[in-house]
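Below, each value reflects all heavy atoms present in this structure, side chains not excepted, and no hydrogens, waters or symmetry copies. Chain identifiers are assigned alphabetically (A, B, ...) following the order of the sequence lines, protein sequences preceding nucleic acid strands; residue numbering begins at 1 within each chain. Note that the coordinates shown come from a computational prediction; the quantities given were computed from them, not determined experimentally.
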Number of protein chains: 2
Amino acid sequence: MTTLKELAKLLNISVSTVSKALNDSHEISEVTKRRVNELADKLNYKPNRIAQQLKSNRTKTIGVILPTVTNPFFAEVLHGIETSATKHKYDIIVCLSDESLTKERRSIELLSNGSVDGFIIAVARESQVEEETAHINSAINNKIPVLMFDRVVNEILCDKVVVDDFQSVYEATEYLIEKEKRKHILLVSNIEELSVGKLRIKGYQKAIEDSDLKPNILKLSKVDDVEKHIHDYLKNNPETDAIVSIDHVTGIIAINMAKKIGKNIPKDLSVIGFGYEHTQLLSSPKISIVHQKAYEIGEMSIKLLIDNLMSEEHEIKTIVVPSKLKLAESTK
Amino acid sequence: MTTLKELAKLLNISVSTVSKALNDSHEISEVTKRRVNELADKLNYKPNRIAQQLKSNRTKTIGVILPTVTNPFFAEVLHGIETSATKHKYDIIVCLSDESLTKERRSIELLSNGSVDGFIIAVARESQVEEETAHINSAINNKIPVLMFDRVVNEILCDKVVVDDFQSVYEATEYLIEKEKRKHILLVSNIEELSVGKLRIKGYQKAIEDSDLKPNILKLSKVDDVEKHIHDYLKNNPETDAIVSIDHVTGIIAINMAKKIGKNIPKDLSVIGFGYEHTQLLSSPKISIVHQKAYEIGEMSIKLLIDNLMSEEHEIKTIVVPSKLKLAESTK
DNA sequence: TTGTATGCGTTATCAT
DNA sequence: ATGATAACGCATACAA
């Protein structure tokens with residue numbers, strides 16, 4: 001790689017003159033600037049980023065710690081983060097915790113050595129369940145700003161970007177009750193141990209309670225045979241006329257199982273799940289979804305974090321990105 | 001952040017002694033080592049990564065350029081890359097080209113300033129269609145090693161990790177013909193302009209040809225109403241008794257449409273698609289898939305690239321990661 | 001207008 | 001066994 005020193009030697013001028021010329025300093029004559037820039041172009045000179053980082057003590061790089069990227073929600077958030085970071089001339093270093101506390105902690109520790117100017121984190125399932133988040137506070141204590149999104153730890157004082165988990169499920173359930181006159185609404189959950197899962201369930205419970213209906217919650221663990229459990233439930237509880245799925249996969253499975261036992265969708269059974277672009281594509285009939293603005297969450301996270309990095313005094317805030325209920329079709 | 005200089009001052013010894021002590025140099029007395037390490041621990045000293053990078057002229061960071069991460073194939077490859085990179089003590093900087101040549105070119109240029117030691121790239125759709133890949137060669141000319149995976153440009157001389165696109169579809173088609181005695185096999189494609197799409201179609205054509213059957217190819221563009229096209233095709237061509245989908249979504253849609261028009265799956269119609277873990281979960285009845293070892297592709301890509309970075313003399317090679325046909329259930 | 005010197009934090013070479 | 005010095009590449013305060 002070409003360096004300032006090499007350019008200087010070739011042009012028989014000093015390194016600092018070259019540096020100033022390339023930075024278009026007013027102290028340098030136009031003639032010199034032209035000579036310098038021409039040679040720099042010719043040799044494809046690019047200022048060494050590492051040296052600039054050392055000098056400025058800023059990396060213009062953000063560490064992004066995600067539980068996984070196979071889940072389309074996090075994939076789309078990452079898309080928003082990457083696009084927005086690029087727009088602000090920041091790079092992102094991505095680490096996947098695989099839902100493991102240990103991996104998450106190690107990643108944060110490893111990057112807390114000057115590698116990044118700040119962190120964007122959605123905590124691992126394990127960290128959230130065990131309520132072990134000292135490593136995150138440690139980053140904050142080291143003066144590395146942190147922004148948490150989606151899976152959030154309330155006790156940690158930092159910027160947050162969250163979904164309206166409670167409200168969106170409340171409204172979805174309310175819609176089923178008020179508009180569709182459904183009476184037996186089942187909630188299907190495989191994420192009840194996460195902060196977001198808890199909030200969604202509460203939204204459902206409140207809506208059910210407000211209408212004097214009876215709550216029905218089917219909790220599925222990861223290892224369960226999801227298909228079989230939903231199938232059996234629908235068989236054993238034929239009065240069920242609506243399902244709210246609070247994740248992005250059990251809703252589609254519910255539709256498949258309902259069809260299998262001869263239910264007409266949406267006449268006999270109305271299904272609302274969580275999802276994104278592709279979700280609706282993969283179900284037939286189309287599933288209604290609570291569409292989380294994942295891309296916007298990513299965008300907003302970068303914006304807020306960079307605001308923090310730039311400003312001297314920054315007041316901590318939490319931003320709620322509203323979801324949108326996207327109905328499959330008119331279910332009348 | 002604590003620095004060597006600060007430690008040195010506090011201990012009243014020189015910076016170089018501190019540095020050597022921390023690196024467990026044999027030149028330093030055990031007493032000093034202990035004093036230094038104790039203080040370093042106490043102040044949570046971590047060597048500044050940027051300074052180390054400048055000194056060593058190596059970043060231990062790899063630039064990963066992906067077309068998208070919303071496609072589960074690339075998401076899973078990224079998972080493999082991240083895990084494997086971490087294991088080798090490398091970080092990854094992730095850039096998404098969004099299938100755009102311009103974005104891809106810009107990302108590579110921006111990182112070609114010492115930010116990364118090497119690149120892992122799957123080229124954007126646009127770059128592949130327009131056969132414009134000078135920017136990739138430019139990185140290689142700048143002595144930054146490049147590894148391409150999946151979407152590969154044959155003309156570029158670099159390591160490659162690819163899927164057995166031709167072979168896997170050949171075998172899937174052959175399976176439908178030989179074992180299931182299918183006679184009217186439709187290939188559904190929405191990626192025929194990509195290198196991988198072309199190879200998969202060729203695999204299908206060869207298998208059909210070898211059995212003296214008639215090829216039927218339904219090409220769908222992104223903007224098409226995929227459901228309607230498949231639906232209409234099945235309606236108009238009721239003799240169709242098998243479908244090979246060469247992407248990860250049209251197969252599931254085909255199953256949904258076939259059920260809709262009353263076909264019994266797999267009796268009347270056998271469907272094989274491309275996919276990964278979640279794909280089979282979302283279809284009912286289960287779709288058979290060509291399971292691309294996406295995670296392994298990521299792992300292998302890191303391995304090969306780091307081999308290249310480490311060794312002085314490195315001979316260029318292409319590794320084929322075989323896919324595996326995962327049948328949904330015994331279709332007899 | 002140009003050049004010299006200094007420092008970012010680390011490591012390596014060469015004294016002492 | 002310890003310390004002084006230089007160097008990585010860049011940017012800037014200060015001299016000339």
- [ ] Ignoring the backbone of A:Asn48, work out which of C:dT2, D:dG9, C:dG9 is nearest its side chain.
- [x] D:dG9
Task: Nearest-nucleotide comparison on DNA chain D, the residue closer to the 5′ end among B:Thr17 and B:Ala51 - done: B:Thr17
Open item on the list: Assuming nearest nucleotide by heavy-atom distance, tell me which of B:Glu30 and B:Ser56 is located more 5' along DNA chain D.
Closed with: B:Glu30
Open item on the list: Between the base of C:dT4 and the side chain of A:Ser16, is one N or O donor paired with an acceptor at under 3.5 angstrom?
Closed with: yes
TODO: For A:Ser19, answer base if it contacts any base atom (sugar-phosphate contacts may also be present), sugar-phosphate if it contacts only those atoms, and nothing otherwise; contact means non-hydrogen atoms under 4.0 Å.
DONE: base
Open item on the list: Going by the rule side chain to side chain contact (heavy atoms under 4.5 Å, CB included), which residues pair with A:Thr318 if we only count those two or more places apart in sequence or in a different chain?
Closed with: A:Lys160, A:Val162
TODO: Report which part of the nucleic acid A:Asn57 touches: base, sugar-phosphate, or nothing (heavy-atom distance under 4.0 Å, all strands).
DONE: nothing
Task: Criterion salt bridge (charged side-chain N to carboxylate O under 4.0 Å, His left out) against B:Glu38, the qualifying member of B:Arg35, B:Lys42, B:Arg34 - done: B:Arg34
TODO: Taking atom types as modelled, find out whether B:Thr59 and B:Gln53 have a side-chain donor-acceptor pair closer than 3.5 angstrom.
DONE: no
- [ ] May I ask you to say what B:Ile13 touches in the nucleic acid, namely base, sugar-phosphate or nothing, with a heavy-atom cut-off under 4.0 Å?
- [x] sugar-phosphate
- [ ] Select base, sugar-phosphate, or nothing to describe what A:Lys20 touches, counting heavy atoms under 4.0 Å on all strands.
- [x] base
Open item on the list: By the 4.0 Å heavy-atom rule, please label A:Glu27 as base, sugar-phosphate, or nothing.
Closed with: base
- [ ] Verify the distance criterion only: is there a donor paired with an acceptor across the side chains of A:Ser115 and A:Asn113 at less than 3.5 Å?
- [x] yes
Open item on the list: Let's see if you can work this out: which of C:dT10, D:dC10, C:dT2 has an atom nearest to the side-chain heavy atoms of B:Thr3?
Closed with: C:dT10
